[in-house]
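Note that the coordinates shown come from a computational prediction; the quantities given were computed from them, not determined experimentally. Chain A is the first sequence line, chain B the second, and so forth, proteins listed ahead of strands; every chain is numbered from 1.
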Number of protein chains: 2
Amino acid sequence: MKILSRSEELVLLAVWNLQKDAYGVSIRKYIIEKTGVNWSIGAIYVPLDRLTKWKFLTTVTGDPTPERGGRSKRYYKLTPEGLKTLNHLRSVQESMWSTLPDLGWDQSS
Amino acid sequence: MKILSRSEELVLLAVWNLQKDAYGVSIRKYIIEKTGVNWSIGAIYVPLDRLTKWKFLTTVTGDPTPERGGRSKRYYKLTPEGLKTLNHLRSVQESMWSTLPDLGWDQSS
DNA sequence: ATATATTTATTCTATAATCAGAATAAATAG
DNA sequence: CTATTTATTCTGATTATAGAATAAATATAT
């Protein structure tokens, strides 16, 4: 079974967590906030396309909204396959991470 | 702070878990076993070099061993920086994974 | 003994995949 | 009708991957 790349993992988790509001811009914003790292536009849309091609995501085009710049958005939703693949990744990660000593706090600077 | 790529994450975790026996071939074997996926030689050695360049790993060359093909190996060890970066990744992952429903078992086929 | 084969290990390189950000599109506001 | 805002698509440059080539050791055959 496929081991997701980092960007694929982050995109699927963002789609899951954003629920009904998951589209390109909101997904990117969510990932930047959660990771504290700037991800380029391409780093989000390219994996979105790939995950859709693989049937880990489905997509529907929303209606335009009556606000400045409110062009229609492409919304994404996880498929059962996508959820299954995420859970598989989790089980692999858990088996590899279990022996790492927890430093107890995040020492990022 | 850097978010590790998948191959970088797997390599660092393998080095941690293999302890004194962490060198190219054993690292690759460990990752293939744990993930159930074939990783090419390049997919291991390239991130090893990069992680060493970034000072997340240190390396020493061992002595040849008296067995067929027993040429000397390059052993790797995690630095405090490497461990810190791994723990940072863990904290980011935990905050994103916490809301995912656990399917309860790994359904990989 | 020494040349050839075999095994383990790493380095190298062409191809494939990913990323960064410019370009384009589609909406409303002025 | 021009400017501004939000959103997505596109493309050159960078990075990562697959696996061939090379290196360094011991084993084996003549």
Any residue meeting side-chain contact (heavy atoms from CB on, under 4.5 Å) with [X], in chain and number order, not counting sequence neighbours:
| X | answer |
| --- | --- |
| A:K2 | A:L4, A:E8, A:W54 |
| A:E94 | A:R90 |
| B:N38 | B:R28, B:I32 |

(request) Taking B:N17 for its side chain and A:T99 for its backbone only, find out whether a donor-acceptor pair lies under 3.5 Å. (result)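 Between the backbone of A:T99 and the side chain of B:N17 there is no qualifying donor-acceptor contact (under 3.5 Å).
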(message) Keeping A:S7 on the side-chain end and A:P47 on the backbone end, is there a donor-acceptor pair under 3.5 Å?
(response)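 Flag not set: sc A:S7 to bb A:P47 has no pair under 3.5 Å.
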Where the side chain of [X] is defined as all heavy atoms beyond and including C-beta, which of [options] is the nearest nucleotide?
| X | options | answer |
| --- | --- | --- |
| A:V25 | D:dA7, C:dT6, C:dT11 | D:dA7 |
| A:Y45 | D:dT9, D:dT26, D:dA20 | D:dT9 |
| B:K73 | C:dA9, D:dA27, D:dT5 | C:dA9 |

Could I get a table of every N or O pair under 3.5 Å where one atom is in the protein and the other is in nucleotides 11-16 of chain D?
unit_1 : atom_1 : unit_2 : atom_2 : d
D:dA16 : OP2    : B:R50  : NH1    : 2.6

(request) Tell me whether B:L83 is reachable from B:I27 by hopping between hydrophobic residues (I, L, V, M, F, W, Y) whose side-chain heavy atoms are closer than 4.5 Å. (result)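 Yes, because B:I27 and B:L83 connect within a single hydrophobic cluster, where side-chain heavy atoms sit under 4.5 Å apart.
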Mind calculating the distance between [atom1] ([X]) and [atom2] ([N]) to the nearest angstrom?
| X | N | atom1 | atom2 | result |
| --- | --- | --- | --- | --- |
| A:D49 | D:dT8 | CG | P | 11 Å |
| A:R74 | D:dC10 | CZ | C1' | 14 Å |
| A:I27 | D:dT6 | CD1 | C1' | 15 Å |
| B:I44 | C:dC12 | CD1 | P | 18 Å |
| B:L48 | C:dC12 | CG | P | 15 Å |
| B:I31 | D:dT17 | CD1 | C1' | 14 Å |
| A:R68 | C:dA29 | CZ | C1' | 4 Å |
| A:N38 | C:dG21 | CG | C1' | 10 Å |

(request) Measure across A:I31 and A:T35 and return the closest heavy-atom pair with its distance rounded to 0.1 Å. (result) O-OG1, 2.7 Å
Grab the N/O contacts between the protein and nucleotides 24-26 of chain C below 3.5 Å, and write none if there aren't any.
unit_1 : atom_1 : unit_2 : atom_2 : d
C:dA25 : N3     : A:R71  : NH1    : 2.7

(request) Ignoring backbone atoms, establish whether B:S40 has a side-chain N or O less than 4.0 Å from OP1 or OP2 of D:dA18. (result) yes
(request) Establish, with yes or no, whether the OP1 or OP2 oxygen of D:dT8 is under 4.0 angstrom from a side-chain nitrogen or oxygen of A:Y23. (result)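 Looking at the OP1 and OP2 atoms of D:dT8, neither is under 4.0 Å from any side-chain N or O of A:Y23.
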(request) Using heavy atoms to find the nearest nucleotide of DNA chain C for A:T65 and B:I41 separately, return the residue whose nucleotide is more 5′. (result) B:I41
(request) Kindly indicate, with the supporting measurements, whether the criterion side chain to side chain contact (heavy atoms under 4.5 Å, CB included) is fulfilled by A:T58 and A:Y75. (result) CA-CA 8 Å; A:T58 52; A:Y75 291 103; over 6 Å; no
(request) Any pair with a residue in residues 53-79 of chain B that passes salt bridge (Lys or Arg N to Asp or Glu O under 4.0 Å), sequence neighbours left out, goes on the list, sorted by first then second residue, please. (result) none
